[in-house]
Amino acid sequence: MEVNTLSQLDPRALKATSVNAEDVSAETPEPQALKITAASSNPKMFTLPWEKPLATWPVELLANLPRGISRHVVRFVHVGDEVYAMKEITRQVAEREYELLRRLQKLDLPTVQPIAVVTGRHDREGESLEAILVTKHLKFSLPYRALFARNLRPDTAERLIDALAVLMVRLHLAGFYWGDVSLSNVLFLRDADAFSAFLVDAETGDLHINLTEGQREYDIDLARTNIIGELMDLASGRLLPSDVDEIEVGNRLVERYHSLWSALTDTDKFGPDEMWKIEKRVNKLNELGFDVDELEMKTAEDGKRVLVRPRVVDAGYASRKLLRLTGLDVQENQARRLLNDLDAYRASTWREGEELEIVATDWMREVYEPTVRMIPREYRSQIEPAQFFHEVLDHRWFLAEKAGHDVPMGEAVKSYIENVLPQYKLDKKDVDELNAEADSGVVDDEYTYNTYDNGRFDEDGNPAHQHPDDDDDYNPDDDPDAAVWASR
């Protein structure tokens, strides 16, 4: 982040962390003793074998979950009751990525949750080891290659691209320049009939007050290039349906991004007798899953038109409404589907005149909770309850259409569990193959750490490969979220 703009960042991001990373090219000495800077105080962290290279950690500590392709050694590790993702990288890069993820989390953006950065690692002989970035495993998520390892709908690639476009727009609106957009740097969660995308790799990113059009377009162009290459790689491994056009899918990202960016940021012009169109604009954004917290309205120069532009938009319109009514914290499209079922329940029980909060309580007790309690134990780590409920509703409709009459919910759940749910299971062989492929991409070459442009451009509009030191007046002692443990 630029020194002269750091103080202008959103206060939530500014005071998000006690870690202020150095320039990646700095040659400051490594810490002589183990140091763990963590956002949560899990004492089990100190019991891990930090003195060993991550690739050699005992199998009994590892969680057998599919990993995405990475330049670095990555492992999922059991730490008490939690599962953490560990990535072995240089200290400067680990600290910088931890810092960025903390800032993005404070801005409520969809990223993996940073847990700790571990530095000062040494083996038994006293030789220094690379640092480790620790993030929390995003439950129910999968890397894109794991999704294509299953029998999915033919439009899976398009749905992943749509989710990535939404993620890019949200990050860009917050001033985050990614610098290495690809499917490999994202984790996906099923979200009703769509997907939600989460940033998992922020090594190359940078946070600004606002992004220029050049920075955004550079991210978009890089994303398109990377995605086409990744899909071609899937096609060569016969994981991509033969009728999918990789270039067309890459172009779809550009189109979807620009369409959504326009919907969220464009200025509309209304006549004095057309003010009802303002509500129409807000409703359209709500349908896209965004709340409008602030509108900027001013009179045009001719005095005959009113200019209206959204100033502050927040994702999660439906999910916030469902959370308020039921306490369920789910993805946006899942929330929309559950709210629709709640409305159907309200109508079918002739309770349109009652407070929605009261009806929602009964719907939870009589419909939602009995359904999700039927998820078999072996699948409870494979599918989110809200996704299970959504898919059961779809399956129930399919059964009713086939039978020509309504099907009881219990019967639909039983049929879904027997005939549909097994597709969610990745067997050990599948996971081992995916992870072997992921490990084959490990480079761990220090050269890769010094090629990040971090969103900076020179006078000709080309990326500038530099990263000035960050420096502010932040005092870690004032940070209630950061705990620093150090061995002496």
Side-chain angles (χ1 to χ4, degrees), residues 110 138-144 146-170 183 186-198 227 231 240-241 243-244 248-249 252-253 255-257 259-260 263 284-290 315-323 326 328-345 367-368 371-372 375 379 382-402 407 409 412-413 415-417 419-426:
L138 184 60
K139 199 172 182 183
F140 304 113
S141 69
L142 288 170
Y144 79 101
L147 288 167
F148 282 100
R150 298 171 168 177
N151 294 321
L152 293 176
R153 285 166 39 178
D155 64 347
T156 295
E158 287 84 358
R159 290 185 294 146
L160 293 183
I161 292 305
D162 291 347
L164 181 56
V166 173
L167 175 62
M168 287 183 66
V169 166
R170 291 188 62 185
L183 293 172
V186 176
L187 286 174
F188 293 95
L189 280 176
R190 286 180 177 81
D191 185 8
D193 288 327
F195 289 95
S196 292
F198 289 74
I227 287 164
L231 293 179
L240 193 69
D243 59 344
V244 173
E248 185 178 305
V249 173
R252 179 188 179 96
L253 173 76
E255 295 165 4
R256 293 287 292 172
Y257 174 94
S259 175
L260 184 55
K284 178 184 178 182
L285 293 177
N286 291 162
E287 290 170 5
L288 290 171
F290 290 84
Y317 173 76
S319 57
R320 277 194 290 273
K321 181 178 180 181
L322 184 71
L323 182 64
T326 67
L328 295 174
D329 188 5
V330 304
Q331 304 301 312
E332 182 68 10
N333 292 307
Q334 293 169 348
R336 190 176 289 115
R337 184 63 188 276
L338 268 58
L339 286 169
N340 288 342
D341 194 67
L342 171 57
D343 286 340
Y345 169 82
V367 181
Y368 181 80
T371 301
V372 299
I375 302 175
Y379 288 100
Q382 308 290 323
I383 185 170
E384 289 179 280
Q387 185 67 22
F388 177 86
F389 187 84
H390 158 74
E391 295 192 12
V392 165
L393 292 180
D394 272 359
H395 190 67
R396 185 187 186 192
W397 179 88
F398 168 78
L399 293 176
E401 185 180 48
K402 186 176 180 180
V407 173
M409 193 65 164
V413 173
S415 173
Y416 172 82
I417 290 172
N419 300 302
V420 181
L421 192 56
Q423 72 177 353
Y424 276 87
K425 214 166 212 178
L426 275 173

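- Relative orientation of the Tyr416 and His395 rings is perpendicular, given thresholds of 30° and 60° on the angle between their planes.
- Minimum interatomic distance between Ala157 and Val244 (heavy atoms only, all atoms of both residues): CB-CG1, 4.5 Å.
- Annotation for Pro422 and Asn419: closest pair CD-C, 4.2 Å, computed over non-hydrogen atoms.
- By the salt bridge (charged side-chain N to carboxylate O under 4.0 Å, His left out) test, Glu391 pairs with no residue at all, sequence neighbours left out.
- Between Leu189 and Ser141, the closest heavy-atom pair is CD2-N, 3.4 Å.
- Note that CZ of Phe195 and CG of Asp162 are 11.0 Å apart. Values are rounded to the nearest 0.5 Å.
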- Report the C-alpha distance between Arg159 and Thr156 in whole Å, list the side-chain angles of each, state the deciding distance to 0.1 Å, and finish with yes or no for side chain to side chain contact (heavy atoms under 4.5 Å, CB included). CA-CA 5 Å; Arg159 290 185 294 146; Thr156 295; 3.4 Å; yes
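- Residues Ala318 and Glu332 share a closest heavy-atom pair of N-OE2, 2.7 Å.
- Atom CG of Leu339 sits about 5.0 Å away from atom CG of Leu322, to the nearest 0.5 Å.
- Between Leu183 and Phe188, the closest side-chain pair of non-hydrogen atoms falls below 4.5 Å.
- Between the side chains of His390 and Asp341, not a single donor N or O lies within less than 3.5 Å of an accepting N or O.
- Considering only heavy atoms from C-beta on, Asn340 stays 4.5 Å or farther from Leu393 through its side chain.
- Between Asn333 and Arg336, the closest side-chain pair of non-hydrogen atoms falls below 4.5 Å.
- At a threshold of 4.5 Å between non-hydrogen side-chain atoms, the residues Glu158 and Ile161 do not count as touching.
- Here the CZ-CD1 distance, from Phe388 to Ile375, works out to 5.0 Å after rounding to the nearest 0.5 Å.
- The shortest non-hydrogen separation linking Ala163 to Ala197 is O-CB, 3.6 Å.
- To the nearest 0.5 Å, atoms OG1 (Thr326) and OH (Tyr368) are separated by 8.0 Å.
- Side-chain contact between Leu240 and Phe148 is present, with at least one heavy-atom pair separated by less than 4.5 Å.
- Checked against salt bridge (charged side-chain N to carboxylate O under 4.0 Å, His left out), Asp394 has the following partners two or more places apart in sequence or in another chain: Arg337.
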- Query: Where do Leu167 and Phe198 land on the side chain to side chain contact (heavy atoms under 4.5 Å, CB included) test, with the steps shown first?
  - Reply: CA-CA 7 Å; Leu167 175 62; Phe198 289 74; 5.8 Å; no
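- In this structure, Phe140 has no ring pair (Phe, Tyr, Trp, His ring centres under 6.0 Å) partners at least two apart in sequence or on a different chain.
- The closest side-chain heavy-atom distance from Glu384 to Gln334 is below 4.5 Å.
- By the neighbour-count criterion of 12 heavy atoms within 6.0 Å, atom CZ of Phe398 is sparsely surrounded, having that number or fewer from other residues, nucleotides or ligands.
- The structure places CG of Leu338 at 12.5 Å from NZ of Lys321, a figure rounded to the nearest 0.5 Å.
- Contact annotation: the side chain of Val367 approaches that of Phe389 to within less than 4.5 Å [non-hydrogen atoms, C-beta and beyond].
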- Task: Kindly indicate, with the supporting measurements, whether the criterion salt bridge (charged side-chain N to carboxylate O under 4.0 Å, His left out) is fulfilled by Glu248 and Arg252.
- Result: CA-CA 6 Å; Glu248 185 178 305; Arg252 179 188 179 96; over 6 Å; no
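- Using a 4.5 Å heavy-atom threshold, the side chains of Met168 and Leu253 count as touching.
- Minimum interatomic distance between Leu187 and Pro143 (heavy atoms only, all atoms of both residues): CD2-N, 3.7 Å.
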